[in-house]
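Heads up: numbering here begins at 1 and tracks the sequence. Remember, it's 1-based here, ligands and their atoms both numbered in the order they're listed.
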Amino acid sequence: MDEVSKKKEYLIDRNGKKYEVVIGLEVHAQVLSESKLFSTSPTKFGAEANTQVSLVDAAFPGMLPVINEFCIKQAIKTGIGLNAKINNKSIFDRKNYFYADLPQGYQISQYKDPIVGEGSVVLDLTSGSKTVGIERLHLEQDAGKSIHDIDPKNTLVDLNRSGVALMEIVSKPDLRSPEEVNAYVKKLRSIMRYLGTCDGNMQEGSLRADVNVSVRKQGEDKYGTRCEIKNVNSIKFMQMAIVHEANRQVDILEEGGKIDQETRLFDTKKNETRSMRSKEDAHDYRYFPDPDLLPLEFDNAYVEKIRKEIPELPDEKKSRFIEKFNLSSYEANILVSDLDTSKYFEEVIKNSDVKNSANWITGELFALLNDKNLEITESPISAKNLSNLINLIKDGTISGKIAKTVFELMSDGDKNPIDVVREKGLEQESNPKELEKLIEKVISENQDKVKEYKSGKEKLFGFFVGQAMKVSGGKANPQLVNEILKKKLK
Ligand code: ADP
Ligand code: MG
């Protein structure tokens with residue numbers, strides 16, 4: 001990165017004045033769990049409507065919630081992954097509001113005493129790293145889903161999602177640009193995927209966020225009034241919503257107006273935010289401890305036992321890759337950001353050299369996966385065969401250039417590269433006699449160039465190498481070609 005882009009801040013310029021954008025995220029992450037937070041109903045995505053609903057989820061009278069210990073463990077794990085304080089005592093409250101998709105008439109959530117307190121997340125930005133504060137993580141139940149577009153007269157309701165465990169992860173207002181929001185959400189997702197606590201699937205709604213945005217004049221200490229954009233379910237939309245909302249606020253301020261704290265919706269089609277309701281305060285929800293649930297208490301030993309199950313997380317893996325394998329911070333970031341990619345990489349380097357493995361994975365393999373829209377777990381080329389290919393270059397069986405052709409041929413059914421090479425006759429030509437013949441041909445066919453070269457136009461050397469490679473169909477050993485050419489052109 002050059003110095004200019006390194007220092008670039010995200011500011012909005014208006015009438016010669018510069019505004020800074022301040023962002024805080026409330027991320028709702030669905031706990032990866034087979035059953036719901038307070039019932040044994042399954043949580044599978046995409047099931048037929050109302051087939052995963054127990055009497056508890058449908059809030060039949062007299063039903064009592066029973067806490068799912070697995071979800072508690074998942075929240076503690078996530079808290080540990082966020083370097084956060086785990087609270088030995090937390091309380092489930094009733095948050096009272098009414099929607100058709102919330103049959104209880106209240107949501108069981110945590111308010112003053114969440115299960116996880118302050119923590120932090122490190123972002124890897126192009127300008128370097130930045131630490132973002134975490135305010136809290138609390139557990140709550142998801143609501144069902146109202147469906148307005150099936151029946152022309154009535155709203156239908158699907159309660160499959162009702163009662164599914166969510167972790168709400170609240171950041172401090174530490175984010176300053178759409179780029180930082182992108183890095184933040186990706187980092188959270190990466191940490192949770194490593195931990196196995198949330199699948200992070202945004203298309204399926206497993207990860208979505210309320211985006212709080214305010215603006216202030218550059219250099220000002222006090223935060224401006226924020227607006228909260230509800231329930232945004234893709235990083236791209238979060239970024240678009242922020243740009244739009246920040247500009248809207250700047251326009252109001254520049255016209256001498258004042259920002260009303262409110263809840264807004266992002267219209268992805270019109271690319272604008274719209275007022276939904278004025279901001280509700282906590283007292284509007286009449287929070288009180290849910291009398292059906294005891295305070296949640298556990299001791300340090302319980303937390304320490306869970307801590308032992310925590311795998312190596314992205315930041316640690318990155319440090320290890322840099323120290324042990326001598327990778328750049330940039331390469332390490334790419335390789336660790338997704339757990340499966342890091343596994344693939346570690347598999348490849350069991351048999352081949354680290355630098356080449358990193359290059360092939362982040363270069364050719366990523367391009368191929370991108371092109372075919374595949375995850376690395378679905379890679380048409382196995383780690384074993386990629387390392388075989390890398391080794392064929394290393395031992396001189398094929399040239400780096402031919403390797404790209406072989407790679408392409410391999411992608412059609414995970415073929416062993418040596419079979420492809422033999423089948424297509426792509427072995428590198430390293431026989432000096434053969435190469436000499438070939439080079440003599442190139443020389444005799446280009447006498448005029450030889451003259452020029454000999455009279456001092458040394459740049460032409462590359463031309464001869466190129467011709468020799470071309471005549472050999474890319475198979476000549478480039479190093480030998482160089483050596484022989486040097487001798488012949490003396
Ligand atoms: P609420 O439930 O009222 O939305 P929370 O405490 O759950 O309150 O979340 C508030 C969110 O708003 C946090 O992510 C916080 O970082 C963010 N936030 C607070 N003040 C500002 C501000 N002035 N500008 C932008 N974001 C803010
Ligand atoms: Mg909020």
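Remark: ligand 1 atoms within the under-4.0 Å shell around heavy atoms of V170 are 9 (O), 13 (C), 14 (O). For ligand 1 and K172, the ligand atoms under 4.0 Å from any heavy atom of the residue are 16 (O). Of all atoms in ligand 1, listed by their number and element, those nearer than 4.0 Å to a heavy atom of V22 are 24 (N), 25 (C). Listed by atom number, the atoms of ligand 1 under 4.0 Å from S171 heavy atoms are 13 (C), 14 (O), 15 (C), 16 (O). Residue contact check: G224 has heavy atoms under 4.0 Å from atoms 23 (N) of ligand 1. Every atom of ligand 1 with a heavy atom of E228 under 4.0 Å away is listed here by number and element: 4 (O). Near Y223, meaning under 4.0 Å from any of its heavy atoms, are these atoms of ligand 1: 23 (N). Close approach of ligand 1 to G24 is summarised as follows: ligand atoms under 4.0 Å from at least one heavy atom of the residue are 14 (O), 16 (O), 17 (C), 26 (N).
Every N/O-N/O distance between T225 and ligand 1 stays at or above 3.5 Å.
A ring-centre distance under 6.0 Å is not found for Y106 and Y287. Between F321 and F345, the distance from one ring center to the other falls under 6.0 angstrom.
Of the listed residues (G133, S214, P173), the one carrying the non-hydrogen atom nearest atom 24 (N) of ligand 1 is S214. For atom 8 (O) of ligand 1, the candidate residues are R226, Q261, E168, E135; the nearest heavy-atom contact is made by R226.
Judged by distance alone, with hydrogens and angles left aside, the side-chain atoms of N68 form a donor-acceptor pair with the main-chain N or O of F70 at under 3.5 Å.
Residue contacts with ligand 1 for D174 are absent, since no atom lies close enough (heavy atoms, distance under 4.0 Å).
The residues E180 and K130 are annotated as salt-bridged, a charged nitrogen and a carboxylate oxygen being separated by less than 4.0 angstrom. Between K187 and D124 there is a salt bridge, since a side-chain N of the basic residue sits under 4.0 Å from a carboxylate O of the acidic one.
Neither side chain, S190 nor S337, offers a donor N or O lying under 3.5 Å from an acceptor on the other.
With sequence neighbours excluded, no residue forms a side-chain hydrogen bond (donor to acceptor under 3.5 Å, both in side chains) with K73. Not counting sequence neighbours, the partners of T263 by the side-chain contact (heavy atoms from CB on, under 4.5 Å) test are E228, K230, M276, R277, K279, E280.
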